[in-house]
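Below is one structure; the comments refer to it alone.
No experiment lies behind these values; they were computed from the predicted model shown.
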Amino acid sequence: MFPKNADLEIPQKFVPHPAFDPVQDFDSPSWGKLNNHSLNKVSAGRERTTLLLLKNPRLTMRPPSSWLIAATLALPLSSCMVGPNYSTPDSRVEKAWVESSAVSGKSQSAADILWWKTFRDPVLNRLIEIACANNPNLQIAGVSILRARAELSGAIGNLFPQQQGISADTTYNYLPPSDSGSPQLQSGSPLGTTLNQDRSGGMQIGPNLFTNQVLFSSTWEIDFWGKYRRQIQSDKVTFLASVAAYDNAMVTLIGDVANSYVNIRTTQAQIRVNEENVALQVESLRIATARFQAGQTSQLDVEQAKTELAQTQANVPSLKNTLRQTKNTLALQMGLPPDAVDRHLKPGRLPSPPQKIAAGIPRDLLRRRPDVRQAGLEAASQSALIGVQVANMLPAFSLNGTFGYSSNNIGNNSLAEIFNWQNSIVQSAGSLTMPVFNYGRLINKVRAQDANFQEAILTYQNTVLTAQQEVENGLSEFKYGKQTVDYLSTAVSSARMSTKLSLDRYKAGQTDFTTVLTAMQQQLDVENSLVGAEGNVMLGLILTYRSLGGGWQAREGRDVISPEVKKEMAKRTYWGRTMEPARHLPVTPPEDQPVETPKKRPWIWDLLNINK
């Protein structure tokens, strides 16, 4: 604490060295200089504090001059923001799709955005709805949004006094009496000197001395260099990146559920094909057995028929195993136990694909795909953190203040009068702190953060390239898969006719059983191939749609956290209104939110607004 009516020396203006560069030259010994700068450092132990309070319970200091008040208030208004301002990195994007013949040339409509509904399959629609409501991984992504929102709110609080607290203490001193009956005081001690003076003035001092204090203290580091604003920028785009991560998780989940559904329908179709061929081969075995019993052929035909039948029958258990495992995967995606998925899978067949896909143009991926947005936002976060590290190398300006009350039991004073105005204590101070002799620690933190930023830029550029690759792969699989289906459809018709003709000729004794076996094997192969090709066309269509980034819009109008999870979290922790969707979800559509950070110092309300 400052003594009564103490003069506070004010530091002069900080004058940087002419050659000083806060980014390049912090390894050099010339950091800058302070002209005629000095600060009073006042430290007080318990005895010193007791001395001052006993001598005058109301501790005051000279009010600061008007120019000091004006300079202090002007600091936040004239402050700057060090560090780079982020803008979306350049990326290589093709002008048109390579497989443009599979694209309709139209931009995606609202129906194409919720692409699975264009299949007109109510079973698939219901499965996706259940998965979006129950999937644990999607719930994890939703809770991550709440965590990022809480961290953003905490960072915003740093714009205000960072440390505030109320303290209260009671001090007791026992002063043993001397031979004369008065308290015995150690000569030469500050407390003894002060109390001796008070006793000489007629004040009664007993052996039991009590002092009470109640103080409110506050410390505010002014955001002169924009360190806290840069941190808020970083946390804000990190929060928006968590929303993009949720959207990406939803796009992935919807695509995975659709893939599982198509694989289930494809496997079911292959089981039907094999069972139909089993029935056909049972008939061919009956014919071969009848001809053998009639003496019209040898036992070789019967054994060959049995072999072919057993091989086809062996395919069915393997396909059923695949079907069961695919259903188990679907149950996990839906957030259900394996025994609960069958009741949601009504009998059905593969959906019919459209003739062409509404894919828009490649550059639409930069604003439509959630993972591309997430990568860009994560790069923006790393860019803002560079400013935080640069600000740590520069002087820090702080204001400190204390207000409270103190009382004691000396003379006519009473401990109960602590909250009388004459017992009030007021203290204020300003400080400047500048790091020196850090031996390269601070500048290397800036360099490390710059490397993190460059990694994020490269990750963003790679994500854009990966997005184009996935779309092109989906378009290619869809386009050429449809051609494969056309050829296999012709082959299936011919194979079925070949089997029928070969059986008729075998019954008439015009050909041997080997011709029948060959025809039946070809029919089974091409029918299985056709079913697989039809499934691949649908998988290519799903890959294209999920690669285009559609599907996250399904979260609109609903919260990212289930009511059950909200209730469980609310039991443990007070979340206030943060649980409300309007408090943790931006209203502005993600593709309409600019990723660039403003080049001028943002206002507090802009930092608070999650829609900017």
- Message: Would you say that L127 contacts L345 through its side chain, given a criterion of any heavy-atom pair below 4.5 Å between the two side chains?
- Response: yes

- Evaluate the side-chain proximity of L152 to I232: yes if any heavy-atom separation is below 4.5 Å, no if none is. yes

- Message: Under a 3.5 Å threshold, yes or no: a donor from one side chain and an acceptor from the other, between S242 and S144?
- Response: no

- Query: Which pair of non-hydrogen atoms, one from Y86 and one from S383, has the smallest distance, and what is that distance?
  - Reply: CB-OG, 3.7 Å

- Note on the structure: When every non-hydrogen atom of V82 is compared with those of L394, the smallest separation belongs to CG1-CD1, 4.0 Å

- Check whether more than 12 heavy atoms from other residues, nucleotides or ligands sit under 6.0 Å from atom NZ of K566, and answer yes or no. yes

- Between atom CZ of F216 and atom OG of S167, what is the distance when rounded to the nearest 0.5 Å? 10.5 Å

- Query: If you measure only the distance, is there a donor-acceptor pair under 3.5 Å linking the side chains of N473 and E477?
  - Reply: no

- Task: Describe, in one word, how the ring planes of Y545 and W115 are oriented to each other, choosing from parallel (under 30°), tilted (30 to 60°) and perpendicular (over 60°).
- Result: parallel

- Can you measure from CG (L585) to CG (L146) and round to the nearest 0.5 angstrom? 8.5 Å

- Message: I'd like to know if the side chain of Q162 and the backbone of E221 have a donor-acceptor N/O pair within less than 3.5 Å.
- Response: yes

- Message: Please find the pair of heavy atoms, one from V341 and one from M334, that lie closest to each other, and give the distance.
- Response: CG2-SD, 4.1 Å

- Message: Looking at every non-hydrogen atom in both residues, tell me the closest pair between A391 and W225 and how far apart they are.
- Response: CB-CB, 3.9 Å

- Scan L465, V471, T466 and name whichever one has a side-chain contact (heavy atoms from CB on, under 4.5 Å) with Q468. L465

- Task: Mind checking the CE-CG spacing from M538 to N259? Nearest 0.5 Å is all I need.
- Result: 10.0 Å

- Message: Between S260 and D256 (side chain of the first, backbone of the second, donor and acceptor by atom type, cut-off under 3.5 Å), is there such a pair?
- Response: yes

- When you check the side-chain N and O atoms of E378 and Q382, is any donor under 3.5 Å from an acceptor? no

- Does any non-hydrogen side-chain atom of T544 lie less than 4.5 Å from one of K479? no

- Message: When you compare the side chains of S153 and R149, does any donor N or O come within less than 3.5 Å of an acceptor on the partner?
- Response: yes

- To the nearest 0.5 Å, how far apart are CG in D450 and CD1 in I443? 9.5 Å

- Query: Hey, what do you get for CZ (R441) to CE (M393), rounding to the nearest 0.5 Å?
  - Reply: 13.0 Å

- Message: Contact between V123 and H344 at the side-chain level, heavy atoms closer than 4.5 Å - yes or no?
- Response: no

- Note on the structure: All heavy atoms of A133 vs all of Q139, minimum pair found to be O-NE2, 3.4 Å

- Under 3.5 Å: donor-acceptor pair, side chain of S476, backbone of E472: no

- Query: Would you call R126 and E129 a salt bridge, using N to O less than 4.0 angstrom?
  - Reply: yes

- Task: Could you check S381 against T238 for side-chain hydrogen bond (donor to acceptor under 3.5 Å, both in side chains), going step by step and ending with a plain yes or no?
- Result: CA-CA 6 Å; S381 175; T238 298; 3.0 Å; yes

- Message: Among T266, D121, T326, exactly one meets side chain to side chain donor-acceptor pair (under 3.5 Å) together with Y261. Which residue is that?
- Response: D121

- Any side-chain heavy atom of S431 within less than 4.5 Å of one from N400? yes

- Hey, what do you get for NE2 (H584) to CD1 (I145), rounding to the nearest 0.5 Å? 7.0 Å

- Are R373 and W552 in a cation-pi contact, defined as NZ or CZ under 6.0 Å from the six-membered ring centre and within 45° of the axis? yes

- Item | Over all atoms of both residues, closest heavy-atom pair of G404 and L215 | CA-CD2, 3.8 Å

- Message: If you define the side chain from C-beta out and look only at heavy atoms, does anything of C132 sit under 4.5 Å from I254?
- Response: yes

- Below 4.0 angstrom, N of the basic side chain to O of the carboxylate: do R324 and D342 qualify? yes

